[in-house]
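What you see is a predicted model; the values in this text were computed from it and never measured. Computed over heavy atoms, backbone and side chain alike; hydrogens, waters and symmetry mates excluded. Letters go in sequence order (proteins before strands), and every chain restarts at 1.
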Amino acid sequence: MTLKAMLRQQPEVFDRLARHWHRVTGAEIVALDAAGEWIAGSGPYSSADSGGLPDDWHEWLAQASFDQGTAIFEQGSIRVAPVRFQDVPAGYLVAVGEAPPDLLRWSAESLVATVAAQQSLQDVSDELTRVKSQLEMVSGLTRQLGSTPDLVSVLRAMLAEIRQFFGAGEALMILEQDGDLTHISAGGEDRRWPPWRQAYGRLQTARPLALHNDPASLHEFWPEAPADLTNMLVLCLPLADSAQAALVLANKEAGFKAEDGDLLGAASGQLAAILDAARSTQQMLRQARLQREYEIAAEIQTSLLPRGFPEIPGVEFAVAALPAPEVGGDFFDFIPLADDSLAIVLGGVEARGVPAAVMTVLVRAIVRMETSYGHSPQRVVARANQILVHDLQHAEASVTALVAYFDPNELSLTYASAGRVPGLWWRAEKATFELLQATAPALGGPASDPEGERTLQLEPGDFVILVSDGITQAKSPDQQVFGAERLGRALLSRAGGTAGDLVQSVLSELRAFRRDAPWADDLTMVVLRIKPSVALQEPRPEPVEEFALPANLHSLESISQRVTRVCRSLPDLPPAPISEDFVYLIELAVSEICTNLIEHAYQMAGGEIRGSLTPLENGIQIDLYDDGESFDPAAVPDPTLAQGSPNEGGYGLHIVRQIMDKVEYQAHTPKGNHWRLIKYLPSADPARKELKRHGDKPTDR
Amino acid sequence: MEISQRIVDEKTCVISLNGTLNARSADRVKEAFREAVGKGMRRVVLDLGQVPFIDSSGLAALVSGLKTLNEKGGSLKLASLQSQADLLFKLTMFDKVFEIYPDADQAIQSYTP
C-alpha cells in the first residue's frame, strides 16, 4: 500500500503525528508519495501548493539514496525519511526545521505500524460484517414469509361464526393432522378442557353426529367433560389425507334441537372442504417458505465457494462440489497465506437445511480469520472449537473440519482435523494409500490436544484427496455403504492420472455404485496432486529482477533497461538480429503497459509500479503490479486504422496482445492490480512463425 | 531526447530525433512539429536514424505531426527507420500511413519533381 492510500483511508493518523511532532520539536512535517508529490503537511505546508520546499525537489529526491531503507537524507534544515510498507517504498516523511533524525525515523516506522494495525482490524471486521448481514438477510426474509395468516386464526374465525349461528355458549374444534392434536375454542375462553387425546378417541365414535341434551348422558358419553357442560352437539369431519376434525358445540341455553343436528350434519361437507382448503394453503405457504429458505441458503453457500483454483507451478488441484438437492452442510475453501503457502479447508456441518447453511458460513469465516492471524492448523481448529463450542452444544449440531497448510516449496502438507474428514494420501513411490486420521474430536467437543497436527511429506506423483462424508457414506439401493476402501479402489486404477482424472474416476465409481438411489447428501472433494518429477526437476521459476518505482514517465527508461538486461541474459536467446527484435518487442510491450498504468491507472498522479522479471525455461515472464484504478481489459476495443485518418492513441493494449504469447490481467489481487505478460523464445516453438521482418502483421493470437 | 532541425529551404526542413520516443518524450516531439509549422514549414522530414525505441505513445506523436502538417496542406515524411522501429510500423500497419524513405536525402529529393 502506498502512503497516499494509507493517509486517504486514515487522515487522522497523520494529523495526530503532526500535532505531536510540532509539540515536541517545534518543527513542521510533510508526507510525500513515492513520486515526491505532496500528500499532507502541517503548518505552512498544509496545502499542496505551499512553497518552502526547494524548487528542484524532484531531482533532489531522486538523487537521495536510501539504501539502508531507514536512512535519513539531510539537506539544510530538511530531513527526509523513507516510509516503507512491507519492505516496499510507500512514500517519504519530511521534517522541516530542527528535529532529531532518530525521532523522524521512528515516526516513519510507527506511522506505518499504526496504519497496518488498523487495516488488519478493518479486514477482520469487514469479514464479520459480511457474514452478519447475510445471516440477517435470511432471517428477515423468513420473518416476512411467516407473517401470512395461519391456519389457527382461520379456524378460530370460522368457529366463532358457527357458535354465534347456533346460539351455543361455547364451541370447540379438535384437529388431528400428522399425529398432532390442535384445539381451538370460542366462547368460555377461560375453560381448561380435559385431556384431548382420550376425548378425541371417544368423540370419533360419535361419527358423524351426536347430540346430548342432558348432563348425565353427556358425561356418560364423555366422562372427562367439564362438570358444567349441560348439553352438547358433536360432529366429526373426515378430512383429506387421513386428517380428522371434531366440532363440539356446547351449553346452548335452550338446549340443542334435532334441527340443529340436521343443519350441522348437512353443512359437514362444506365445513370439511373449508378446513381442507385452509390446511392446504397453509401447507403451501410453509413449503414455499422452506423452499425460499433453501434457495437463500444455497445462494449464500454458492457465493462463498472459492472462485478458481490456486495456481502453483508443479501442483494440480481439482474440486468437485455437488450440493445436495436441498441445502447441505459441506464447505471448502482455499486461502492463500502470507508465505506462499496455501490453506485448504474442507468440512461439514451435521444438521441439514438452513441452520447447517448458516453454520457453514460461520465456520468458514472463523477459519478464514484465524488463518489470517498466522496460526498453525491445530491452533485454527482449536480456536474455532473455542468460539463455536457454546453455539454447537445448543444447536445440537456437530461440525467436522480439516485445515491443511500446503507449503509448495517443501511439498509438505500439515493438517489438523476436528472429527474425521475422510482423506487419503497416495504415496506414488510405495504405491500405497494412507488414511488421514482425525487429530481432534469434532468441533463442539472438549478442547483439542495442542500437539494434534500431522505433516505429510509429499513427493512427486503423490496426491491427497479429501472428501466429505456424503461420499464415503453414500448408499447403494441395497443399503451398502461406499466407504473409504471403495474410494481407494476407484482411485487406484487412475493413480497416475491428473487431479481432474482422479475426481472423475471417483464420480463415475460413485454413480455406478449408487445406481438410482436417491441423492441425499452433499458431495464435496478436493484433490491436490504433485505433478510427477518430469515437471518438478525444473526448478520453480524465480524472478531475477524485482523493482518498485514511482509511477511517472521518468521511470519508463529505468524499467526498459531492466527488461532488456534480463532478456539479453536469457540462456537460449537466438543470435541477432532475431534476438534484437525479441528484446525490442518485450521492451515495447512493457513500455505500453507501464505507460497505461501511469497515465490511466494512476491518472498521472503518481503512485508506484512494482514488477518482477522471471526467466522461464523457454521465454520470459513479466509481472507488473499497481494500486491505481482497475479496468476491464475486454472493454478496450481494438483500434480501427482507417486509411488517412489514424487515431492518435489507443494502440497500446492492441500492440501488447499482438506481441505477447500470454497477456493476463487481474484486478485487486493482494499485491495490487496484476498484469502478467509471457513471451516464448522464437526458437522454443518451431510451429510458430516468428514475426517476419518484412512480412505482414502476425496472426492475432 | 534531443531534437535538432536542419532547414533546407523556406518551406522544407529535416527534424532529427536522438533518443527514446515514448510517452515521456512524445509531447516535446509534438511541440517541435507545431514550431516548424509555425515558422512556415510545410515539407517536414523526420529523421529517426538515432531513435532505437518507439512505442505507441511515440507513434501517437508522429500521427499528431502528420495531422498538424496535413491541416496546413503540408506533408510529413519519415526517414532512416531503425530495424526495430520498422518492426513496430509493420505491426501496427503504420507503414501504410506514412511515407518512409531509407534516408533524409531521399525523402527531400522526393519533394522535388
Side-chain angles (χ1 to χ4, degrees), chain A residues 552-561 563-564 576-600 604 638-659 690-698 700, chain B residues 1-2 17-31 33-34 46 48 50-71 73-78 81-100 102:
Chain A
N552 59 41
L553 297 173
H554 296 253
S555 298
L556 288 176
E557 236 132 307
S558 161
I559 295 173
S560 277
Q561 282 166 11
V563 169
T564 50
I578 299 174
S579 64
E580 287 312 296
D581 286 355
F582 175 80
V583 173
Y584 164 72
L585 289 174
I586 291 169
E587 190 186 343
L588 175 60
V590 172
S591 173
E592 298 297 349
I593 297 289
C594 291
T595 304
N596 269 343
L597 296 188
I598 295 162
E599 293 185 341
H600 301 300
M604 296 295 276
D638 279 349
T640 47
L641 190 60
Q643 194 84 27
S645 62
N647 294 322
E648 282 186 38
Y651 300 103
L653 196 53
H654 178 61
I655 292 175
V656 176
R657 285 185 181 134
Q658 273 189 304
I659 295 174
E690 184 44 29
L691 203 61
K692 279 182 263 163
R693 292 199 51 76
H694 299 288
D696 292 328
K697 88 181 190 106
D700 216 336
Chain B
M1 167 69 64
E2 285 171 37
L17 308 183
N18 186 341
T20 294
L21 182 45
N22 61 9
R24 194 181 163 196
S25 48
D27 283 345
R28 292 177 48 212
V29 173
K30 285 186 207 169
E31 185 54 38
F33 285 126
R34 278 196 292 272
L46 186 70
L48 295 165
Q50 299 299 315
V51 179
F53 180 91
I54 306 180
D55 68 8
S56 73
S57 304
L59 278 183
L62 302 189
V63 172
S64 158
L66 185 69
K67 284 184 173 169
T68 309
L69 277 150
N70 286 352
E71 277 164 17
S75 69
L76 171 68
K77 299 186 180 190
L78 309 183
L81 258 64
Q82 289 209 4
S83 68
Q84 274 83 39
D86 186 53
L87 196 57
L88 175 67
F89 274 73
K90 297 231 160 58
L91 196 69
T92 54
M93 301 209 287
F94 269 65
D95 56 341
K96 309 272 195 296
V97 176
F98 287 96
E99 276 183 54
I100 301 170

[X] side, atom [atom1]; [Y] side, atom [atom2] - distance, nearest 0.5 Å:
{"X": "A/Leu556", "Y": "B/Ser57", "atom1": "CG", "atom2": "OG", "value": "8.0 Å"}
{"X": "B/Ile54", "Y": "A/Tyr584", "atom1": "CD1", "atom2": "OH", "value": "6.5 Å"}
{"X": "B/Arg24", "Y": "A/Thr595", "atom1": "CZ", "atom2": "OG1", "value": "12.0 Å"}

Chain B contacts, top residue of A/Glu599, A/Glu580, A/His554 (heavy-atom pairs, under 4.5 Å): A/His554

Partner residues of A/Glu592 under the side chain to side chain contact (heavy atoms under 4.5 Å, CB included) criterion, sequence neighbours left out: A/Leu588, A/Ile655, A/Val656, B/Asp55, B/Ser56

Side-chain heavy-atom pair B/Asn22, A/Glu557 within 4.5 angstrom cut-off: yes

Residues that B/Arg28 engages under salt bridge (Lys or Arg N to Asp or Glu O under 4.0 Å), provided they are two or more places apart: none

